[in-house]
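Residue numbers start at 1 and run along the sequence shown. These numbers come from the heavy atoms of this one structure, side chains and all, not from hydrogens, waters or symmetry mates.
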Amino acid sequence: MLKEYRSIAEVAGPLMLVQNVEGVTYNELGEIELSNGEIRRCKVLEVDGSNALVQLFESAVGINLSTGKVRFLGRGMELPVSMDMLGRVFDGLGRPIDGGPELIAEARVDINGVPMNPAARDYPSEFIQTGISAIDGLNTLVRGQKLPIFSGSGLPHSQLAAQIARQAKVLGEESNFAVVFGAIGITFEEADFFINDFKRTGAIDRTVLFMNLANDPAIERISTPRMALSAAEYLAFDKGMHVLVILTDITNYAEALREVSAARKEVPGRRGYPGYLYTDLATIYERAGRKKGYAGSITLIPILTMPEDDKTHPIPDLTGYITEGQIILSRELHKKGITPPIDVLPSLSRLKDKGIGEGKTREDHANTMNQLFAAYARGKEAKELAVILGDAALTDVDKLYAKFADAFESEYVSQGYETDRSITETLDLGWKLLSILPVGELKRIKQEYIDKYLPEKKYGE
């Protein structure tokens with residue numbers, strides 16, 4: 001029988017002080033019973049002697065200091081898990097919101113997880129095909145990698161996230177692939193878009209969705225990514241599946257962290273975010289990876305909107321330190337109508353070299369990738385020069401590079417949100433575009449690959 005306390009001393013916004021408690025621990029869950037029998041949930045934020053400061057999951061409206069009862073449950077927040085999670089939609093606290101039955105749990109797992117032993121980590125080395133050329137061809141995603149997408153307000157990161165969730169696969173092992181989608185602080189409209197898109201394409205059958213809406217409490221926002229990663233750890237390491245975790249939007253998570261930190265009167269760090277933001281983000285990101293001796297893996301794509309498109313803002317800045325690269329969406333390309341507007345030059349996948357080549361993608365992948373990067377960079381320089389000095393200032397080769405840059409953006413990067421390109425199609429398209437340039441300019445590609453893969457006809461013939 002749980003002990004009940006009738007010693008609520010103060011309620012201030014989302015926080016409540018309970019006095020004269022015994023044996024209560026940090027992060028423990030609690031229940032508040034109102035005089036009308038309604039039950040609300042809370043979590044212990046701080047214990048000071050016999051005083052416990054708790055954070056409410058729901059509104060504080062209606063709580064009476066003299067009649068309210070508080071019970072502490074003796075456990076932290078847990079997620080019930082089973083294979084029946086696939087195809088289901090949950091809220092940020094792991095409760096079903098799709099009208100289906102409650103989950104019959106195989107186990108209940110602590111959402112904070114257990115840190116992965118660095119010595120037990122296996123190196124990411126297998127290619128994941130997203131069907132998006134700008135990622136597969138140039139900033140390759142590798143199984144077990146953490147590759148964030150840096151976006152901006154109003155850019156189409158939701159469509160890109162849905163496309164990756166729909167199309168991603170480990171070649172040859174498609175049946176053993178699952179997606180865990182964690183939406184943090186999104187609007188009703190976005191939630192509706194994701195759920196309908198997954199249902200329309202049938203992707204929901206292999207997906208677990210956790211939906212935390214903008215009007216849900218901040219404390220729920222903090223638990224949502226941990227719920228998603230706990231589900232992923234169960235599917236990956238207990239059931240041997242390859243799991244892709246997509247979290248959107250990490251900026252909303254950090255804002256919730258700042259809100260709770262301010263309510264606790266903690267000393268703020270950069271831009272008002274708590275000083276432990278780096279550590280806190282690391283506890284999320286570092287749960288991705290591969291373990292030696294386990295068939296499954298967790299690959300993580302966190303999506304964050306950079307306030308004012310500022311890459312030096314604390315959230316993208318700290319994320320960049322912890323993860324292995326970044327995919328950057330460009331407002332300039334978005335205005336041109338490029339979909340998805342991935343800016344390939346500042347984007348980077350630090351592990352791409354480990355997931356490409358013979359037996360993984362194709363023998364010519366590394367060479368063509370380097371040549372496409374170099375040609376696009378020179379083409380953009382040529383176009384900038386033409387804007388300042390006019391086309392007459394360009395050499396014939398520079399004009400070809402400028403033509404290449406335009407074709408690269410309109411055909412290679414821009415493919416729409418419904419096109420699913422195989423890695424072979426992506427590599428062949430790269431060769432087709434490189435045929436714009438004289439063969440003598442292809443200095444980063446081995447001659448044997450030029451002889452084997454370069455089209456006979458020039459681009460446009």
Test: salt bridge (Lys or Arg N to Asp or Glu O under 4.0 Å). Region: residues 242-261. Which pairs qualify, not counting sequence neighbours?
E255-R258

Keeping S435 on the side-chain end and K458 on the backbone end, is there a donor-acceptor pair under 3.5 Å?
no

Gap separating the OG1 atom of T207 from the CE atom of M85, nearest 0.5 angstrom:
12.0 Å

Can a cation-pi geometry be assigned to K43 and F57, taking NZ or CZ under 6.0 Å from the six-membered ring centre and within 45° of the ring axis?
no

Does the distance from a Lys or Arg side-chain N to an Asp or Glu carboxylate O, for E286 and R121, drop under 4.0 Å?
yes

Sorted by chain and residue number, the salt bridge (Lys or Arg N to Asp or Glu O under 4.0 Å) partners of K199 (sequence neighbours excluded) come out as none

Under the salt bridge (Lys or Arg N to Asp or Glu O under 4.0 Å) test, residues paired with D406 that sit two or more places apart
K383

E358 CD: over 12 foreign heavy atoms closer than 6.0 Å
no

Can you tell whether the side chains of E233 and R287 come within less than 4.0 Å, N to carboxylate O?
yes

Could you grab the distance from atom CG of L333 to atom OG1 of T339, nearest 0.5 Å is fine?
10.5 Å

For residues 220-230, the salt bridge (Lys or Arg N to Asp or Glu O under 4.0 Å) pairs (sequence neighbours left out) are R226-D280

side-chain contact (heavy atoms from CB on, under 4.5 Å) with Q415: which residues, sequence neighbours excluded?
I132, S133, Q163, P340, T419, R421

Count the heavy atoms of every other residue, nucleotide or ligand shown that sit under 6.0 Å from CG of L389, and state whether that count exceeds 12.
yes

So ring pair (Phe, Tyr, Trp, His ring centres under 6.0 Å) across residues 363-392, not counting sequence neighbours, yields Y376-F408

Carboxylate-amine/guanidinium contact E411 K432, below 4.0 Å:
yes

Among all residues two or more places apart in sequence or in another chain, which pass the side-chain contact (heavy atoms from CB on, under 4.5 Å) test with Q55?
P14, L15, L45, I219, V260

Can you list the residues that meet the side-chain contact (heavy atoms from CB on, under 4.5 Å) rule with S422, with sequence neighbours excluded?
Q129, T424, E425

Salt bridge or not between D364 and K452? Use side-chain N to carboxylate O under 4.0 Å.
no

Any Lys/Arg nitrogen of R331 or D343 sitting under 4.0 Å from an Asp/Glu carboxylate oxygen of the other?
no

Rounding to 0.5 Å, atoms CD1 (I195) and CZ (R200) come to a distance of 14.5 Å

Is D98 salt-bridged to R88, going by a charged N under 4.0 Å from an acidic O?
yes

For D353, salt bridge (Lys or Arg N to Asp or Glu O under 4.0 Å) partners two or more places apart
none

Heavy-atom count check: over 12 atoms from other residues, nucleotides or ligands less than 6.0 Å from Y276 OH?
yes

Heavy-atom count around R444 CZ within 6.0 Å, excluding the residue itself: above 12?
no

Should the pair K239-E106 be classified as a salt bridge under the 4.0 Å nitrogen-to-oxygen rule?
yes

SB check K336 E409 (cutoff 4.0 Å)
yes

All pairs passing salt bridge (Lys or Arg N to Asp or Glu O under 4.0 Å) where residues 107-120 contributes a residue, at least two apart:
E78-R108

More than 12 heavy atoms of other residues, nucleotides or ligands under 6.0 Å from NZ of K311: yes or no?
no

Taking only residues two or more places apart in sequence, or in another chain, which ones meet K352 in a salt bridge (Lys or Arg N to Asp or Glu O under 4.0 Å)?
none

Going by side-chain hydrogen bond (donor to acceptor under 3.5 Å, both in side chains), name the pairs with one or both residues in residues 392-405, residues two or more places apart or in two chains.
R378-D398, T395-D398, Y401-E441

I'd like to know whether R143 forms a side-chain hydrogen bond (donor to acceptor under 3.5 Å, both in side chains) with T299, so could you lay out the CA-CA distance, the side-chain angles of the two residues, the decisive distance to 0.1 Å, and finally the verdict.
CA-CA 6 Å; R143 186 162 75 87; T299 307; over 6 Å; no

Rounded distance (nearest 0.5 Å) linking atom CD of E189 with atom OG of S158:
9.5 Å

For a ring-ring contact (aromatic ring centres under 6.0 Å, His included) with F194, tell me which candidate from F181, F188, F210 qualifies.
F181

With no hydrogens and no angle check, do the side chains of Q447 and D451 hold a donor and an acceptor under 3.5 Å apart?
yes

Candidates D420, D197, D205 - the one meeting salt bridge (Lys or Arg N to Asp or Glu O under 4.0 Å) with R166
D197

